[in-house]
Amino acid sequence: MGPVVPSGETLTEERRSKRDRLKASGGLAYPYGFPGRVPLASVRSELATQPPGSELAGVSRRVAGRVQTIRQHGKTAFVPLRDQSGELQLFLRVDDLGEKGYQTALDTLDPGDLVGAEGVPVVTRRGEPSIRATSVVLLAKALRPPPEKWHGLQDPEARLRQRYVDLLSSPEVVRTFEGRSALVAEMRRYLSAQGFQEVETPVLGRVASGGLAHPFVTHYRFLEEDFRLRVALELPLKRLLVGGMERVFEIGKVFRNEDLDADHSPEFTMMELYWAYADYTDVRKLVEGLTQDLAKAAAPFLPKEEAEARVRDFTPPYPTVDYVEALEKESGISGIVELPRERLVELARAAGAKVPESMSHGGALDKLFGHYVESRLVHPTFVLDYPLETTPLAKRHRSKPGRVERFELFYRGMELGNAYSELNDPDDQEERFRAQLPPPAAGGGEGEESYAYDEDFVEALRYGMPPAGGLGMGVDRLAMAFLGRPSIKDVILFPPTRSLKSSGPTPAPGAGAS
RNA sequence: GGGCCUGUAGCUCAGUCGGUAGAGCAGGCGGCUCUUAACCGCAAGGUCCAGGGUUCGAAUCCCUGCAGGCCCGCCA
């Protein structure tokens, strides 16, 4: 005997030879389509009022889907199929298919195969809606077996690395992504109805600004220049306000060269909108309307009680809290924002945050805010009016000194959106960018993690940007929030994974330890 | 980056005190003309994540590495 063949390859070979046998007998292993096919759910609903043991006499339907399992009983067999609409079983009988056709079907089919069938809609004596097939054809052979039919694919790593297997075996995962799709479609519809135009701005740019993040850097050979992938959509969109577009939005990927965890992914989808002649209070009303709408749009994708609870949660108006008041209240330290930077750094460290010595006053405040306040904001809540130095692109508050007109929307301790009355004074903008540059002696190698100074943006402001309100929302997080998923990986189809290194012998560090 | 946990058949999982590998599903063969995780019988299927160490003997104990999950820290 030859070397041991791994059993996984044996399974693949068995399936391959079934396919080839079909080909040899004149069948097409991979036909070009299956015209006239109707969704399985439509046949199911046609049969909804039919009593057990009856059929739609004289009717013929063509259906297609993936074989879930094959229950064979000698001269009859039941083959449940699944398509995107749902499930329906084929009822195969020697009497309908003939000896040869019946045998061929059972000899070639395996769970996981994609098949087409034609036949009469019937309800079996046991009451199961079915197609009593008069013909069955293989549409594509699955050389790999599907995961175990009862438990599905459980290995969390495999579910990410081979999302297609996760999807084909787990309708509820498909459902989540259908829900995400519906949310994004509703967002587009809503904004469009409010008069916003969707635009597309560059992913590649020389300066990655508009957000606080490490950019990904790449190289454009033709221009012989390094480019950065955008970390936010903000600055190009505001340039459009300068140019005379009054209501714009963009939904697109942004990239931040940072850690991956339950609510962060290095590439994620952002929606930003800019609204000329409005301010952050107008934007707040819009966010209430939009999120209320999204909660309703998500309802069909959730269990009834969960959907109702979510719709209740997102019934405006949402409570508002003042940033400083909330921080003072939760931390129990009055006058906290006036404390010197060094003291804030101490406090943040005492609260368990990892804070570099050089951290700015605003940065330390944000740590404290995150620690004391954010996790407690369970129901939708607007936090208003952030300290000036935390927010270089927002307009100074009209009545609260040292603050900007900004709000963030929190839900279940997670930030869903961020909005400003947009700063449109070019001189102030220049100054605020400068204030954000890393402290000269700080070092720490974190140089890129600041609001990069976008010179051309300041130049654009010099031409005059109308007063405006702006908003950014994390689309992935919206999907998490409205679809009730705990991890951002649950709403990203193909999340990043580490590469699998070849598992050759690793050098033994303490080689030959004796 | 720190802590805890996980990795065994294609899939889902057992594996006791360290004694040389198990089940279910899927697949193969046989049976069965209304099943619903169909059922019944037979046979087969393994790089126990990788490398090293301890030991007469390692899936099991120790070390290192790889991959993943959760918690913490951090950017949304």
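Numbered from 1 within each chain, the chains take letters A, B, ... in sequence-line order.
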**Request:** Answer with base, sugar-phosphate or nothing: what part of the nucleic acid does L416(A) contact at a heavy-atom distance below 4.0 Å?
**Result:** nothing
**Prompt:** Does a nitrogen or oxygen in the side chain of K75(A) sit under 4.0 Å from OP1 or OP2 of C32(B)?
**Reply:** no
**Request:** Just call it for D263(A): base, sugar-phosphate, or nothing, with non-hydrogen atoms closer than 4.0 Å on any strand.
**Result:** base
**Request:** Ignoring backbone atoms, test whether T69(A) places a side-chain nitrogen or oxygen under 4.0 Å from the OP1 or OP2 oxygen of A38(B).
**Result:** yes
**Message:** Over 60° means perpendicular and under 30° means parallel, so tell me whether F369(A) and Y323(A) are parallel, tilted or perpendicular.
**Reply:** parallel
**Sugar-phosphate, base or nothing in reach of G112(A), heavy atoms under 4.0 Å** = nothing
**Message:** Ignoring hydrogens and geometry beyond distance, is the side chain of D155(A) in donor-acceptor contact with the base of C11(B) at under 3.5 Å?
**Reply:** no
**Request:** Assign Q89(A) to base, sugar-phosphate, or nothing according to its heavy-atom contacts below 4.0 angstrom with the strands shown.
**Result:** base
**Prompt:** Is it the case that R406(A) places NZ or CZ above or below the six-membered ring of Y386(A), under 6.0 angstrom from the centre and within 45 degrees of the axis?
**Reply:** yes
**Item:** N or O in side chain of R161(A) less than 4.0 angstrom from A67(B) OP1/OP2
**Value:** no
**Message:** Quick check on G10(B): is either OP1 or OP2 less than 4.0 Å from any side-chain nitrogen or oxygen of K149(A)?
**Reply:** no
**Complete:** By nearest-heavy-atom nucleotide on RNA chain B, the more 5' of Q72(A) and R93(A) is R93(A)
**Asked** At what distance, to the nearest 0.5 angstrom, does CZ of F407(A) lie from OH of Y318(A)?
**Response** 10.5 Å
**Prompt:** Would one find a side-chain N or O of K18(A) under 4.0 angstrom from OP1 or OP2 of G28(B)?
**Reply:** yes
